[in-house]
Trainee: 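After the structure tokens below, expect a handful of questions from me.
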Amino acid sequence: MRFSSSRWSVPTSNRAMKNKTLLIISREYLTRIQKKSFIIVTILMPILLVAMIVLPVLLISLNEQRQFSRILVVDESEMFINNFQDNDHYSFSYRSGDIEQIKNEAFDQDYDAVLQILSNSQGVRSNIFYKKSLPTGLQSEVENQMDDIFFNQLLKDSLNIDPERFEDMQQLAKAEAATIQIDDKGVAKEHDASINQIFGMMCGLIIYFIIIMFASQVLRGVLEEKSNRIVEVLISSVRPTQLLVGKIVGIALVGLTQLAIWIALSTAILFGVQLAAPNLFNTDTVETIADTPGVNIPDTASIDVAPSNIFEMIQNYFAVSFGTIILSFIFFFVVGYLIYSTLYAATGSVVDSESDSQQYTMPITIPLILAIVFVPTISTNPDGALAFWLSMIPLTSPIAMMVRLPSGVHAWELLLSMGLALAFLVFCIWFAAKVYRIGILTYGKKPSWRTIFRWLREK
């Protein structure tokens, strides 16, 4: 690259400055997206995210479609003979005699398991023998049915109560409570609070690792250039602030590229799952919440119908729109990354090795760690005072607000949190530019905090 003046001169043309900044951004961006680690993480993360959504539903579906099993019962106590109830998954037959002989004959006759109920033992004890694999859910099915049979026998023998009448009374005494949230527009949706909490915690953890990962790349990049004395050559051609901006923006674009690919791949995979298994997420009947027994909805509230596909199901998970969650995630990732990367870059400029940087990065990282520590508390009480203030403090808000958001927050809270984060980012940029300009060419003894604050007053 040639210059009209001396080799060591700093260009004053705004166009030249812009071009050199773009060159630095391009170098930082292209160098990182070509790494194998970037490609692997970019591909694996959407698969993991989709798996967290699809696998629970798929496991439930497979559990409902499990194979039919034949069970042979050998009841030595004679209490359970002809009392087990056949269902869609199990069929029970009965034999008596020597258990060893019965086991051999049963497996030759393609029985899936042999249930031996022992006699003359304290309580009700039994053994389940199987040869190839234990039928899915058989143990819990046997235990539940034996508990019911034994309890019904006690009702008749000890209390002289008809078990069927007792069961009817139990059904009448059952209470059900549906959790329904009504938003500011009067729309009522039935939500599972645990799903909101888990998803919020997942968002908080993901944004924590992303911020730390990319901000640490800025720190290591600055340290590498400084320790290798490459920065001295670079500073001869560009201004320190250009180098700082180029490095931070370049790595930010890497993160945004990765995030965009994650969203696109996740959506494509979910769409493919929907096409491959359209009935996996469909509901058999379309009912409104108002039809649920015991649920009373205000007349002014409109009721959302049951979801009919995976995307509607995901939308119904949360108290706010899924689009709001995605846009907020992108905003807090970008702003959170810029805040911590500028502070990390300033830290890297005042030390000569990564081990020395711990003294300066620890005070910066502590708020982020505290936010992670309080994630369970925030998720269980998203409207509490602790959750509110952590979502307002710029150093903790990227995590705390994303944990709260799926459970629903007021619009003014979200906007206030974003505004405070942007204002603090402006301060961080000013601080980092001041420190980086002097610290990047400082070698030897680590500067004290007093020295660093004195740099801020220099013009």
Side-chain angles (χ1 to χ4, degrees), residues 51-96 99-100 102-159 161-179 192-195 197-198 277 279-281 283-284 292-293 313:
M52 294 180 65
I53 296 174
V54 174
L55 280 181
V57 179
L58 184 61
L59 290 175
I60 293 172
S61 176
L62 291 176
N63 186 55
E64 293 175 350
Q65 299 174 8
R66 61 179 181 264
Q67 65 180 13
F68 187 80
S69 302
R70 299 172 64 227
I71 314 300
L72 186 60
V73 180
V74 180
D75 185 8
E76 298 176 359
S77 68
E78 299 184 353
M79 181 188 301
F80 300 89
I81 295 177
N82 298 325
N83 284 328
F84 282 95
Q85 300 293 321
D86 295 343
N87 53 42
D88 294 336
H89 305 296
Y90 306 104
S91 173
F92 296 91
S93 303
Y94 303 86
R95 286 277 301 277
S96 61
I99 184 64
E100 296 299 328
I102 292 175
K103 283 192 296 182
N104 294 331
E105 294 177 357
F107 294 131
D108 290 339
Q109 298 173 8
D110 293 331
Y111 279 94
D112 297 288
V114 175
L115 171 63
Q116 178 193 22
I117 302 175
L118 305 175
S119 62
N120 300 323
S121 61
Q122 186 175 2
V124 180
R125 301 289 301 276
S126 62
N127 298 319
I128 300 176
F129 300 96
Y130 62 96
K131 195 168 185 179
K132 296 180 180 179
S133 62
L134 183 66
T136 305
L138 176 59
Q139 183 177 1
S140 59
E141 178 73 18
V142 166
E143 290 175 348
N144 291 336
Q145 290 213 33
M146 290 180 67
D147 287 343
D148 292 338
I149 294 169
F150 187 63
F151 182 74
N152 290 339
Q153 192 67 36
L154 289 176
L155 286 177
K156 288 193 297 185
D157 295 344
S158 301
L159 302 176
I161 298 176
D162 181 14
E164 293 184 1
R165 177 60 179 166
F166 182 80
E167 185 176 354
D168 292 339
M169 294 173 63
Q170 278 187 313
Q171 294 295 327
L172 290 174
K174 281 186 176 180
E176 295 182 1
T179 55
D192 189 340
S194 61
I195 293 178
Q197 293 174 8
I198 293 172
N279 295 325
L280 185 61
F281 300 93
T283 52
D284 295 331
T292 305
M313 183 191 72

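Since the structure is predicted, the reported quantities are computational estimates derived from the model, not experimental observations. Just the heavy atoms: all of them, side chains too, but no hydrogens, waters or symmetry mates, feed the values below.
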Trainee: Could you check Gln153 against Asn83 for side chain to side chain donor-acceptor pair (under 3.5 Å), going step by step and ending with a plain yes or no?
Mentor: CA-CA 11 Å; Gln153 192 67 36; Asn83 284 328; 5.5 Å; no
Trainee: Under a 3.5 Å distance rule, please check whether Asp112 uses its side chain to pair with a backbone N or O of Ile71 as donor and acceptor.
Mentor: no
Trainee: Compare all side-chain heavy atoms of Met146 with those of Phe84 and state whether any distance is below 4.5 angstrom.
Mentor: yes
Trainee: So how far is it from Glu143 CD to Asp148 CG, rounded to the nearest 0.5 Å?
Mentor: 12.0 Å
Trainee: Apply side-chain contact (heavy atoms from CB on, under 4.5 Å) to residues Leu138 and Leu115 and explain how you reach the verdict.
Mentor: CA-CA 10 Å; Leu138 176 59; Leu115 171 63; over 6 Å; no
Trainee: Counting heavy atoms not belonging to Gln109, are there more than 12 under 6.0 Å from its CD?
Mentor: yes
Trainee: Are Phe92 and Phe80 near enough that their ring centres are under 6.0 Å apart?
Mentor: no
Trainee: Tell me whether the count of non-hydrogen atoms from other residues, nucleotides or ligands lying under 6.0 Å of CD in Gln139 goes above 12.
Mentor: no
Trainee: Within this structure, what is the CG-CD1 distance for the pair Leu154 and Ile149, rounded to the nearest 0.5 Å?
Mentor: 12.5 Å
Trainee: Look up atom OG in Ser140 and atom CG in Asp147, then write down how far apart they are to the nearest 0.5 Å.
Mentor: 11.0 Å
Trainee: Quick check for you: to the nearest 0.5 Å, what is the distance between Ile81 atom CD1 and Glu76 atom CD?
Mentor: 10.5 Å
Trainee: Rounded to the nearest 0.5 Å, how far does CG of Leu155 lie from CD of Glu164?
Mentor: 12.0 Å
Trainee: Ignoring hydrogens and angles, tell me if any N or O in the side chain of Arg70 forms a donor-acceptor pair with the backbone of Ser93 under 3.5 Å.
Mentor: no
Trainee: Can you tell me if Tyr94 uses its side chain to pair, donor with acceptor, with the backbone of Asp75 under 3.5 Å?
Mentor: no
Trainee: I'd like to know if the side chain of Asn87 pairs up with that of Glu141 as donor and acceptor (distance under 3.5 Å, no hydrogens or angles considered).
Mentor: yes
Trainee: Roughly how far apart are Phe150 CZ and Ser77 OG, rounded to 0.5 Å?
Mentor: 9.5 Å
Trainee: Does Phe129 offer a backbone N or O that forms a donor-acceptor pair with the side chain of Gln116 under 3.5 Å?
Mentor: no
